[in-house]
Amino acid sequence: MRIDLHTHSNVSDGTDTPAELVVAAHEAGLDVVALTDHDTFDGLDRAVAAGREHGVEVVRGMELSCSRQGQSVHLLAYGADPDAAVLAEEMTKVREGRTGRLRPVLDLLAGLGVPVSEEEVLAQVGSSPSVGRPHIADALVAAGWVADRTEAFDRFLADGGPAHVGRYAIEIGHGIDLVHAAGGVAVIAHPWGRGRAELLPAAFLTELVEQHGLDGIEVDHQDHDAEARAGLRALADRLGVLGTGSSDYHGTGKTDHDLGVNTTRPEVYDELRLRIRVAV
Ligand code: AMP
Ligand code: FE
Ligand code: FE
Ligand code: ZN
């Protein structure tokens, strides 16, 4: 059983349609794949339908943009009810905040000598209901200002970068509560990737488990080095929560994140499924 619990389609900032992603998962030898687009459930029905056709089990997921101390923190939700009103409202607010930030970011980019127009960005959006930084990055690539998304983030768009503009996001503990209220299972995404270890130290992750019932920690992720993985695995074991592994596939939008590059153990997936059933 090969299980990948974190992927993106062009319904957020990936480049495959949901159906293409499922076909790619099948070709990569995956038995189970979760579609976890940012702040939207829009691609799930299409992914599930494609899964039936190609014999891939598709888990209904979503990656909720949250924050701690004003910095971005991602939360994976599995099996959350798309009709749960409060969660849906929060997701709408995040999406509106993301799209609403486009104009000010473009103004900053123009001031930095790398102008792109709103139309150039919108041409990159696929079927995503919000316009995120990766789409702005894609427009910079298309205009020839940078070679790839990574360079766009490194030079301009990363948190604290010269063209970075903050946006609305809900506090991580509150996010976990909303996912649970919607019957979902909450797993913190790549907590120690990209310099996040100081923002989300073990003591704080412990607090999220003890006070909000955080269900799991994404351990095996490309943004985690061997030491981070070992530390997170030990922490998940100690806290008795799920330790997952996944690719965070974004199609051609992220290199080194091929489908199945990290996977989740079948026992862990069984427990996760059980928790969804219990919660719903
Ligand atoms: P946004 O939600 O619009 O602020 O964009 C955040 C998204 O940008 C994340 O979900 C990642 O997929 C992507 N991202 C963040 N940092 C980088 C980076 N350094 N290189 C490529 N993609 C990134
Ligand atoms: Fe992303
Ligand atoms: Fe993420
Ligand atoms: Zn992701």
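Just so you know, ligand 1 is whichever comes first in the structure, and atom 1 is the first atom listed for that ligand.
Using a cut-off of 2.8 Å, one finds that H38 contributes no N/O/S atom close to the Fe ion (ligand 3). At least one N, O or S atom of E63, from either the backbone or the side chain, sits less than 2.8 Å from the Fe ion (ligand 3).
Distances from ligand 1 to the non-hydrogen atoms of P134 include at least one value under 4.0 Å. Using a 4.0 Å heavy-atom cutoff, R194 is listed among the residues neighbouring ligand 1.
In terms of N/O distances under 3.5 Å, ligand 1 is not approached by S65. Any N or O atom pair closer than 3.5 Å counts here, and H250 shares at least one such pair with ligand 1. Looking at ligand 1, you'll find an N or O of D13 within less than 3.5 Å of one of its N or O atoms. Below 3.5 Å of separation, one finds an N or O of R167 facing an N or O of ligand 1.
Taking the Fe ion (ligand 3) as reference, H74 places its N/O/S atom ND1 nearest.
Using a 4.5 Å cut-off on side-chain heavy atoms (C-beta onward), P162 and L109 make no contact. Between H8 and E63, the closest side-chain pair of non-hydrogen atoms falls below 4.5 Å.
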For a quick test of your reading: what N or O donor-acceptor pairs under 3.5 Å do the side chains of residues 87-94 make, sequence neighbours left out?
residue, atom, partner, partner atom, Å
E90, OE1, Y168, OH, 2.6
E90, OE2, Y168, OH, 3.4
T92, OG1, A88, O, 2.9

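Protein N/O/S atoms closer than 2.8 Å to the Zn ion (ligand 4), listed by chain and residue number, are H6 NE2, H8 NE2, E63 OE1, D248 OD1.
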Start with the C-alpha distance between R2 and D31, add both sets of side-chain angles, then the distance that settles salt bridge (Lys or Arg N to Asp or Glu O under 4.0 Å), and finish with yes or no.
-> CA-CA 5 Å; R2 302 221 327 129; D31 303 287; over 6 Å; no
Could you walk me through whether D159 and R194 pass salt bridge (Lys or Arg N to Asp or Glu O under 4.0 Å), step by step?
-> CA-CA 10 Å; D159 291 14; R194 292 208 178 107; over 6 Å; no
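Aromatic ring orientation, H250 versus H38: tilted (interplanar angle from 30° to 60°). Taking the six-membered ring where tryptophan is involved, the planes of H54 and H26 are tilted, since the angle between them lies from 30° to 60°.
In terms of protein heavy atoms, atom 9 (C) of ligand 1 is closest to H74 CE1, 3.8 Å. Closest protein heavy atom to atom 3 (O) of ligand 1: R101 NH2, 2.6 Å. Scanning the protein for heavy atoms near atom 21 (C) of ligand 1, the closest one is F153 CD1, 3.5 Å. Atom 4 (O) of ligand 1 has as its closest protein heavy atom R133 NE, 2.8 Å.
If you number the atoms of ligand 1 from 1 as listed, the ones under 4.0 Å from a heavy atom of R98 come out as 1 (P), 2 (O), 3 (O). For ligand 1, the atoms sitting less than 4.0 Å from at least one non-hydrogen atom of H38 are 10 (O), 12 (O), numbered in the order shown with element in parentheses.
Between the side chains of H224 and N262, no donor-acceptor pair is found at a separation under 3.5 Å. No hydrogens or angles considered: nothing links the side chains of D16 and S9 as a donor-acceptor pair under 3.5 Å.
With S130 as reference, R98 is the one residue of R95, R101, R98, H135 to meet the side chain to side chain donor-acceptor pair (under 3.5 Å) rule.
Ring centroids of H257 and H221 are separated by less than 6.0 Å, placing the two rings close together.
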